[in-house]
Amino acid sequence: MATLLIVALFLPLYPLSVVLNGALARLRGPVARCALLLAWPQLGVALLQLAPQAIPQAFVPWALATAGFYALRLLTVRDMGQWAGFLATSALALSWALAAGGAGRAELHAFAFWFSLPAALVALLAHPLARRFGAAYAGLQGGLIGNLPRLSGMLALTVLAAVATPPFPGFFALLNLLHVLDWSGALGVLAIWLVWGWAATRLLQGFIFGAGRAASLGDIGRASTLLYTGVLGAFAIAGLTLTGGGL
């Protein structure tokens with residue numbers, strides 16, 4: 001049991017999830033936040049393989065409750081970096097339900113990566129917003145699509161990938177999880193998924209739409225746009241090839 005509780009720090013279950021979110025709050029560098037979101041859950045999956053006992057079924061409702069709690073918290077968060085951390089916490093908690101259903105090591109590593117990468121990219125995009133406006137807060141500066149079309153487009157695509165919209169891998173990973181759970185667990189995941197979509201809509205409304213500043217601001221460079229587009233394109237292709245092809 002002690003090993004599983006240690007793993008719950010890395011595949012976060014409330015209240016142990018405060019460790020990950022506390023670390024993200026203390027890290028100021030966007031690259032460091034991105035790296036932490038990518039590496040943290042992979043360590044958890046690796047440690048889970050060392051656990052001497054099977055995952056108790058009691059961990060499944062605990063995981064669903066954690067995922068639901070952080071999904072609801074997304075609705076009240078305005079800071080984009082914190083939003084990315086809460087979304088990652090909500091999604092990664094669901095890996096316990098997949099593990100309890102008998103998923104193998106490779107499947108669990110993939111599940112963690114499908115949800116941690118877009119969350120890490122959202123956290124990374126908070127940097128150009130904070131540099132331009134002083135903070136990456138939804139509602140602080142709306143209407144970015146008029147002045148910053150490339151940044152707005154990358155933000156919209158990345159957020160859609162983060163909340164498991166097709167054709168991104170998270171969509172197929174959640175469909176696979178629904179097949180593993182019983183009807184009550186599946187309904188819980190569907191409700192969490194719905195809240196993610198609601199939270200994503202509120203976040204994008206706060207940044208992209210509405211009345212913006214009259215002054216023109218410098219958009220992100222073409223190279224950065226191409227890099228983000230390439231990563232998201234490869235991510236979507238991976239979802240269709242590695243995950244969607246098995247449905």
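Atom set for the values below is all heavy atoms of this structure, side chains included, hydrogens, waters and symmetry mates excluded.
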K.L.:
Could you tell me whether the side chain of Pro56 reaches within less than 4.5 Å of the side chain of Leu4, counting heavy atoms only?
P.N.:
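Touching, per the 4.5 Å side-chain cut-off.
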K.L.:
Side-chain heavy atoms under 4.5 angstrom apart, residues restricted to Ile, Leu, Val, Met, Phe, Trp, Tyr: same cluster for Leu181 and Leu190?
P.N.:
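Shared cluster, yes.
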K.L.:
With a 4.5 Å cut-off on side-chain heavy atoms, are Leu48 and Phe10 touching?
P.N.:
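They are not in contact (no side-chain heavy atoms under 4.5 Å apart), so the answer is no.
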K.L.:
Which distance, rounded to the nearest 0.5 Å, do you find between the CD of Gln57 and the CD1 of Ile55?
P.N.:
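Those atoms lie 9.0 Å apart.
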K.L.:
Working to the nearest 0.5 angstrom, can you tell me the gap between Leu232 CG and Leu117 CG?
P.N.:
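These two atoms lie 8.0 Å from each other.
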K.L.:
Tracing side-chain links under 4.5 Å among I, L, V, M, F, W and Y, which residues wind up in one group with Leu72?
P.N.:
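For the cluster that includes Leu72, the remaining residues are Leu75, Val195, Trp198.
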K.L.:
Testing the basics here: between Pro12 and Ala93, what is the closest heavy-atom pair and its distance to 0.1 Å?
P.N.:
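Heavy atoms of Pro12 and Ala93 come nearest at O-CB, 3.4 Å.
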K.L.:
Indicate every side-chain donor-acceptor pair of residues 161-170 with a distance under 3.5 Å to a residue at least two apart or in another chain.
P.N.:
{"unit_1": "Thr165", "atom_1": "OG1", "unit_2": "Leu160", "atom_2": "O", "d": "3.0"}

K.L.:
My understanding is that only residues two or more places apart in sequence, or in another chain, count here; which of them pass side chain to side chain donor-acceptor pair (under 3.5 Å) with Thr66?
P.N.:
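Partners of Thr66 by the side chain to side chain donor-acceptor pair (under 3.5 Å) criterion come out as none, since no residue qualifies.
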K.L.:
Would you say the side chain of Leu47 lies within less than 4.5 Å of the side chain of Thr3, judging by non-hydrogen atoms?
P.N.:
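A side-chain contact is absent here, since even the closest heavy-atom pair is not under 4.5 Å.
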K.L.:
Is there a side-chain contact (heavy atoms from CB on, under 4.5 Å) between Asn176 and Phe111? Walk through the geometry before answering.
P.N.:
CA-CA 10 Å; Asn176 182 56; Phe111 187 91; over 6 Å; no
K.L.:
Using side-chain contact (heavy atoms from CB on, under 4.5 Å), reason through Thr89 and Arg73 one step at a time and then give a plain yes or no.
P.N.:
CA-CA 11 Å; Thr89 303; Arg73 291 202 67 184; over 6 Å; no
K.L.:
Roughly how far, to the nearest 0.5 Å, is CG of Leu74 from CD of Gln82?
P.N.:
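It is 9.5 Å, given to the nearest 0.5 Å.
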K.L.:
Membership question, hydrophobic clusters at under 4.5 Å side-chain separation (ILVMFWY): are Leu64 and Leu194 in the same one?
P.N.:
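In one cluster with Leu194: Leu64, no.
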K.L.:
Any idea which heavy atoms bring Pro118 and Thr158 closest together, and the distance?
P.N.:
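So the two residues come closest at O-CG2, 3.6 Å.
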K.L.:
With side-chain contact (heavy atoms from CB on, under 4.5 Å) as the test, would you mind laying out the steps for Tyr70 and Ile192 before giving the verdict?
P.N.:
CA-CA 9 Å; Tyr70 279 96; Ile192 291 165; over 6 Å; no
K.L.:
If we ignore hydrogens and angles and just use 3.5 Å, is the side chain of Arg131 paired with the main-chain N or O of His127 as donor and acceptor?
P.N.:
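Not at all, since once roles are kept as given, no pair shorter than 3.5 Å links the two residues.
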K.L.:
If you round to the nearest 0.5 Å, how far is CH2 of Trp193 from CG of Leu177?
P.N.:
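That separation rounds to 9.5 Å.
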K.L.:
Decide side-chain contact (heavy atoms from CB on, under 4.5 Å) for Leu174 and Phe115; before the verdict, give the C-alpha distance in whole Å, the side-chain angles of both, and the deciding distance to 0.1 Å.
P.N.:
CA-CA 10 Å; Leu174 284 186; Phe115 286 102; 3.7 Å; yes
K.L.:
Using atom types as modelled and distance alone, determine if a side-chain donor or acceptor of Arg150 lies under 3.5 Å from a backbone N or O of Asp219.
P.N.:
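Absent.
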K.L.:
How far does CG of Leu92 sit from CG of Leu87, to the nearest 0.5 angstrom?
P.N.:
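CG of Leu87 is found 9.0 Å from CG of Leu92.
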K.L.:
Please tell me whether Phe209 and Met154 are part of a single hydrophobic cluster in this structure, the criterion being side-chain heavy atoms less than 4.5 Å apart.
P.N.:
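Same cluster: Phe209 reaches Met154 through Ile, Leu, Val, Met, Phe, Trp or Tyr contacts under 4.5 Å.
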K.L.:
Determine the minimum heavy-atom distance between Phe113 and Leu38, stating which atoms define it.
P.N.:
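So the minimum-distance heavy-atom pair works out to CE1-CD2, 4.3 Å.
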K.L.:
Check Val60 against Ala100 and note the closest heavy-atom contact, atom names and distance.
P.N.:
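That closest heavy-atom pairing would be CG2-CB, 3.6 Å.
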K.L.:
Cluster question for you: counting only ILVMFWY and a side-chain heavy-atom cut-off of under 4.5 Å, with indirect links fine, are Leu50 and Phe59 together?
P.N.:
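Leu50 and Phe59: one cluster.
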K.L.:
Would a hydrophobic clustering, with Ile, Leu, Val, Met, Phe, Trp and Tyr connected at side-chain separations under 4.5 Å, put Leu9 with Leu43?
P.N.:
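Per the 4.5 Å side-chain linkage, Leu9 and Leu43 are co-clustered.
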K.L.:
Less than 4.5 Å apart, any side-chain heavy atom of Leu151 and any of Thr225?
P.N.:
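With C-beta onward as the side chain, the pair stays apart.
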K.L.:
Examine Phe171 together with Trp114 and report whether their ring centres are nearer than 6.0 Å.
P.N.:
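Not close enough - the centres of the two rings lie 6.0 Å or further apart.
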K.L.:
Quick check: closest heavy atoms across Ala84 and Val122, and the distance to 0.1 Å?
P.N.:
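Reported closest heavy-atom pair: CB-CG1, 3.9 Å.
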K.L.:
Atom CG in Leu13, atom OG in Ser95: separation rounded to 0.5 Å?
P.N.:
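Reported to 0.5 Å precision, the distance equals 8.0 Å.
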K.L.:
Using atom types as modelled and distance alone, determine if a side-chain donor or acceptor of Arg33 lies under 3.5 Å from a backbone N or O of Leu24.
P.N.:
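At least one qualifying donor-acceptor pair exists.
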K.L.:
Which pair of heavy atoms, one from Arg132 and one from Ile220, lies closest together, and at what distance?
P.N.:
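Shortest heavy-atom separation between Arg132 and Ile220 comes out as NH2-N, 3.6 Å.
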K.L.:
Judged by atom type as modelled, is there a donor-acceptor pair below 3.5 Å linking the side chain of Gln49 to the main-chain atoms of Val45?
P.N.:
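Yes: the side chain of Gln49 pairs with the backbone of Val45.
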K.L.:
Would you say Trp62's side chain and Tyr14's backbone share a donor-acceptor pair under 3.5 angstrom?
P.N.:
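Yes, Trp62 side chain to Tyr14 backbone: donor-acceptor pair under 3.5 Å.
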K.L.:
Can you tell me if Ser152 uses its side chain to pair, donor with acceptor, with the backbone of Leu144 under 3.5 Å?
P.N.:
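At least one qualifying donor-acceptor pair exists.
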